[in-house]
Amino acid sequence: MADEDKIQTLIEKTAEAELGGGQDRIDVQHKKGKWTARERIHQLMDQDSFEEIDKFVLHQSTDFGMDKKRFSGDGVVTGYGRINGRLAYIFAQDFTILGGSLSLAVSEKICKVMDLARKNGAPLVCLNDSGGARIQEGVSSLAGYGNIFMRNVLSSGVIPQISAIMGPCAGGAVYSPALTDFIFMVEKSSYMFITGPQVIKSVTHEEVTPEKLGGALTHNATSGVAHFSGKDDQTVLAMIRELLSFLPQNYQEKPPCVEPTDDADRIDMELREVVPESPRQPYNIRRIIDSVVDNHHFFEVQARHALNIIVGFARLNGHTVGVVANQPSFLAGCLDISASIKGARFVRFCDCFNIPLITFCDVPGFLPGTAQEFGGIIKHGAKLIYAYCEAVVPKITVITRKAYGGAYIVMSSKHLWGDINYAYPTAEIAVMGPEGAVNIVFKKEISAADDPAKKEAEMIEEYRNIFASPYLAAERGYIDEIILPEQTRPKLIRALESLKNKQDSMPKKKHDNLPL
Amino acid sequence: MAGTPVIKMEAMKMENQIPSPVNGTVKAIAVKVGDNVSTDETLMVLEQA
């Protein structure tokens with residue numbers, strides 16, 4: 001064959017491969033409001049930056065007539081490119097080829113990019129859209145999944161791993177996203193579950209739709225398995241780009257710094273009005289967060305789950321920070337099982353990737369009740385304590401109002417080696433609230449009084465003035481400074497700047513034993 | 001009017017104002033001030049205008 005023919009052959013084979021399962025199947029994908037694998041990759045990555053590999057891989061299976069059904073690339077598109085100018089590796093399952101089902105060949109393609117990502121210290125993006133294991137391949141397909149899971153774990157904490165569910169993701173396949181750092185879901189066109197509605201119906205006789213069982217809302221709000229949701233492919237891909245913009249490439253790098261466009265000394269007098277006079281009035285902690293962060297921009301994580309705690313990314317003077325905050329307007333800001341887990345996971349991720357932690361504390365305690373106790377709040381609450389203790393990134397805390405009991409300790413207190421701990425004048429740092437404390441400490445005086453109710457009210461007022469304040473903690477050095485609310489932003493930025501070269505480490509060990 | 005607070009509930013020493021979900025009239029109040037209430041308990045009946 002002449003050389004020009006060889007060139008022409010390559011061009012034709014490439015064009016054919018890039019049609020995946022063929023134009024008809026591409027059309028079906030589009031009709032469902034979904035993009036193809038390559039369309040998603042090109043949308044996500046910087047223009048013209050994608051380098052595809054393994055485009056001509058064919059599965060090697062012959063059982064069940066599969067040798068007649070071969071498509072170039074098989075059910076996944078893999079390669080690398082740039083996102084926000086930085087290297088990232090990607091695999092995007094191709095639903096147009098045999099339903100995106102996973103064969104050994106598909107898993108080998110995926111494992112190849114996972115190994116490259118890990119060895120080259122760059123983030124891995126995983127776009128899931130698959131009918132699951134390719135049944136015709138039998139246990140080889142399972143082996144494929146296992147090989148992927150092993151690599152998810154090898155890379156865990158080494159490089160950021162981001163998953164998006166952009167179609168079906170069922171059975172064992174869900175464990176790969178579950179092992180990654182963040183899961184995005186596309187609303188209405190994606191779902192994830194271990195066992196689907198049909199099997200559930202035959203075993204437990206429950207009737208449930210795929211959307212209800214494992215759609216974006218279910219996993220973002222109820223199970224807390226997913227961290228983000230977007231209304232379509234384009235929105236989710238844009239959110240992934242934004243998330244990556246906060247993160248370093250790998251655990252050995254600091255997060256990227258952008259040129260700040262917001263005044264580092266900006267004060268906000270309105271912050272004096274946020275915490276209400278009455279400790280019984282709720283308020284939205286977002287007013288404080290949104291005021292102090294660069295350009296008032298807060299990228300919230302798990303916005304629909306465990307609403308009593310807020311976590312997310314922001315920048316202070318151009319530097320990425322992770323924010324954790326109790327939300328007084330939900331469940332009175334109490335910590336409970338879901339909030340403890342949500343907080344702990346986020347804190348540990350930030351520590352993995354050198355992201356300083358800013359904590360806003362207004363917590364009256366842990367949520368009481370048998371549901372919490374039987375649900376194991378003891379071990380789940382312990383996760384959050386563990387996470388803060390273990391974190392060696394800069395830790396800055398601001399107590400805005402309540403900080404009672406164990407919850408005071410949990411929320412990045414000085415005792416868990418918080419680096420800089422601030423409190424507002426409205427802070428109440430105490431073992432418990434005045435009402436509870438007075439009924440224990442002054443029980444005798446109250447019952448002996450002529451007017452017990454009046455005595456109780458007096459004692460509550462006295463206790464409040466002495467104990468429900470930041471001064472006793474400040475006198476002991478548990479609070480470094482009591483600050484004027486309007487100065488929160490400059491204080492945080494200066495503290496952060498002072499901590500930028502912080503070095504600390506946990507004692508050497510094989511690995512931790514975080515209470516799970 | 002939708003959004004007007006119609007009940008003040010206290011839980012975990014926090015006061016929460018519950019707004020009316022509809023424009024309408026209060027037809028019945030099923031509780032009195034100071035009552036302890038449970039999940040799913042009817043507090044108030046509103047007739048949508």
Above 12 or not: heavy atoms from other molecules or residues under 6.0 Å from [atom1] of [X]?
X       : atom1 : result
E445(A) : CD    : yes
D35(B)  : CG    : yes
I378(A) : CD1   : no
E41(B)  : CD    : yes

Q281(A)/Q17(B) under side-chain contact (heavy atoms from CB on, under 4.5 Å): CA gap, chis, key distance, verdict: CA-CA 9 Å; Q281(A) 291 300 321; Q17(B) 298 207 330; 5.7 Å; no

Distance check, rounded to the nearest 0.5 Å: M14(B) atom CE versus R280(A) atom CZ? 10.0 Å

Residue P279(A) versus chain B: region with a heavy atom under 4.5 Å: backbone

Could you report the tightest heavy-atom contact between A332(A) and A11(B), atom names first, then the distance?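 Taking every non-hydrogen atom into account, CB-O, 4.3 Å.
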
